[in-house]
Number of protein chains: 2
Amino acid sequence: MSDLPDYPRVAVTVDLVVLTVRDGELQVLTIRRGEEPFRGRWALPGGFLRPREDLHAAAARELMEETALPAEHVHLEQLASYGAPDRDPRMRTVTVAYLALAPDLPTPEAGSDAADARWQPVHTMLAGAELPFDHAEILRDGVERARAKLEYTPLATAFCAATFTIAELRRVYEVVWDTTLDARNFHRKVTKTEGFVVETPETTTRDGGRPARLYRAGSAPRLHPPLLR
Amino acid sequence: MSDLPDYPRVAVTVDLVVLTVRDGELQVLTIRRGEEPFRGRWALPGGFLRPREDLHAAAARELMEETALPAEHVHLEQLASYGAPDRDPRMRTVTVAYLALAPDLPTPEAGSDAADARWQPVHTMLAGAELPFDHAEILRDGVERARAKLEYTPLATAFCAATFTIAELRRVYEVVWDTTLDARNFHRKVTKTEGFVVETPETTTRDGGRPARLYRAGSAPRLHPPLLR
DNA sequence: CTCAATTAGCGTCAGTATGACGATAAGCCG
DNA sequence: CGGCTTATCGTCATACTGACGCTAATTGAG
């Protein structure tokens, strides 16, 4: 089988928008670039697709390599692809961006490729022209995807630990949507929406005040009815 | 600037899931392949990304070239990317799939690349192992995207002509969702949802019975409240 | 030990949306 | 004209929503 050299070849990369809720704000995982171009700048983690690697596998590998996050606790889904002809000054590239949602993990620090890894507030990274390449656009799209999916999927639980209180889940919504929600109505909706959360026998007082029941994520793939902004 | 030949290159293609509602069912535009592999088989339209072409531009170009559809009346959005290492027997490829929604146009026939182009029922194309490559998976994802977006966006209007009746819009929902909807409740919801449809002065009797008012698509990017399945 | 502070979780109530379906309107066709 | 078809408006019981009052269960200060 010929290699059909008459069609242009492109370098395919995978970039990651890894979001978490930390210190009451939405944060994104950034790595300090160790190579040109943009050496020393904070950027989204990512890397080249390997010759016999599936896209999702590449994203999962990058997540491990560059962020050392425990993959089993991280939601990972494809976001979108970006291929403007001049998006990378080195050569023609197309990047397949993935969106990862993680709980507030202890301290995810640098892996092998990256000189350094750090959580940074999304707001900060989008304020100036911080991010190189088209990473600001990718980050914006990732945040918008997360905001939208919180409405009609139980994905907010991906920002929480294995068990969580309703208040913790509510804070996820409040941070991602940048609104405040009535705690009582939120509690009613979440517990009445079939398959969103599952009660556990435990309670916790880690948020102070009266002990709160702990829940774990339910199995419903979608929320019926949705939680509208 | 060096070409960094140490990273693997991939052939990037763009494939299209072009959907319409015809004869009371959801149909997809297929082309008969004129080249190997799978010569003579019906497949999704698509082609290679050109050296200095943006992804969206490539999708729009393919839509024109292969389907001769008037692009201004077609909604086009990125769907997802597919890059399993063996998805194309010739070489390593990654395809960026786009979803296009078109009204029931007169007769979109073959363009240059394709030996033939034809609308075919989605149900038929997904029933057996009709489609080559991973096109069945892509089509399934496209249909699922369309089904979901009908709930939260006014995208159903993309399946309609420039002006349409509420009943025509309702039939779009019924076909895409494969349900029946109460005509009176649907009328109430659509006309009360801000920015979904805009009344025009005209009416039509093309559906028989009492003349129906014609509407055109509104400007709202999302439906508030959504139309739930 | 008591009390204030804090957070959880239940209850109420009015306004609104929803689904089921009746009734009327306004064309067409024979 | 009378019947057929489809459009559109109306009704009504029920469900959901948002605003907000109230009680429960813990912690920590004094």
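Below, chains carry the letters A, B, ... as their sequence lines are ordered, and counting in each starts from 1. Atoms considered below: every heavy atom in the structure, side chains included; atoms not considered: hydrogens, waters and symmetry mates.
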Ignoring hydrogens and angles, answer whether the base of C:dG19 and the side-chain atoms of B:Arg184 contain a donor-acceptor pair closer than 3.5 Å.
->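 Counting by modelled atom types and ignoring angles, no donor-acceptor contact under 3.5 Å is found here.
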Ring pair (Phe, Tyr, Trp, His ring centres under 6.0 Å) partners of A:Tyr173, counting only residues at least two apart |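 Per chain and number, A:Tyr173 pairs via ring pair (Phe, Tyr, Trp, His ring centres under 6.0 Å) with A:Trp177, A:Phe186.
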Sequence neighbours left out, what passes ring pair (Phe, Tyr, Trp, His ring centres under 6.0 Å) with B:Tyr215? Give chain and number order.
->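 Here no residue qualifies.
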My understanding is that only residues two or more places apart in sequence, or in another chain, count here; which of them pass salt bridge (charged side-chain N to carboxylate O under 4.0 Å, His left out) with [X]?
{"X": "B:Arg87", "result": "B:Asp15, B:Asp134"}
{"X": "A:Arg210", "result": "none"}
{"X": "A:Lys149", "result": "A:Glu77"}

With sequence neighbours left out, what residues match [X] under side chain to side chain donor-acceptor pair (under 3.5 Å)?
{"X": "A:Gln120", "value": "A:Thr30"}
{"X": "B:Arg229", "value": "B:Glu151"}
{"X": "B:Asp54", "value": "none"}
{"X": "B:Asp182", "value": "B:Arg184"}

Interface residues of residues 203-228 of chain A with DNA chain C (non-hydrogen, below 4.0 angstrom) =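 Per residue number, the list reads A:Asp207, A:Gly208, A:Gly209, A:Arg210, A:Pro211, A:Ala212, A:Arg213.
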Where along residues 147-183 of chain B does a heavy atom fall under 4.0 Å from DNA chain C?
->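 Contacts with DNA chain C under 4.0 Å: B:Asp182.
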Does the side chain of A:Val94 reach to within under 4.5 Å of the side chain of B:Val94, using non-hydrogen atoms?
-> no
To the nearest Å, how far apart are [X] [atom1] and [N] [atom2]?
{"X": "A:Lys192", "N": "C:dC10", "atom1": "NZ", "atom2": "C1'", "value": "12 Å"}
{"X": "A:His187", "N": "C:dG11", "atom1": "NE2", "atom2": "P", "value": "11 Å"}
{"X": "A:Asn185", "N": "C:dT12", "atom1": "CG", "atom2": "C1'", "value": "12 Å"}

Boundaries of the chain B footprint along DNA chain D (any atom under 4.0 Å from a heavy atom) | D:dT5 to D:dT11
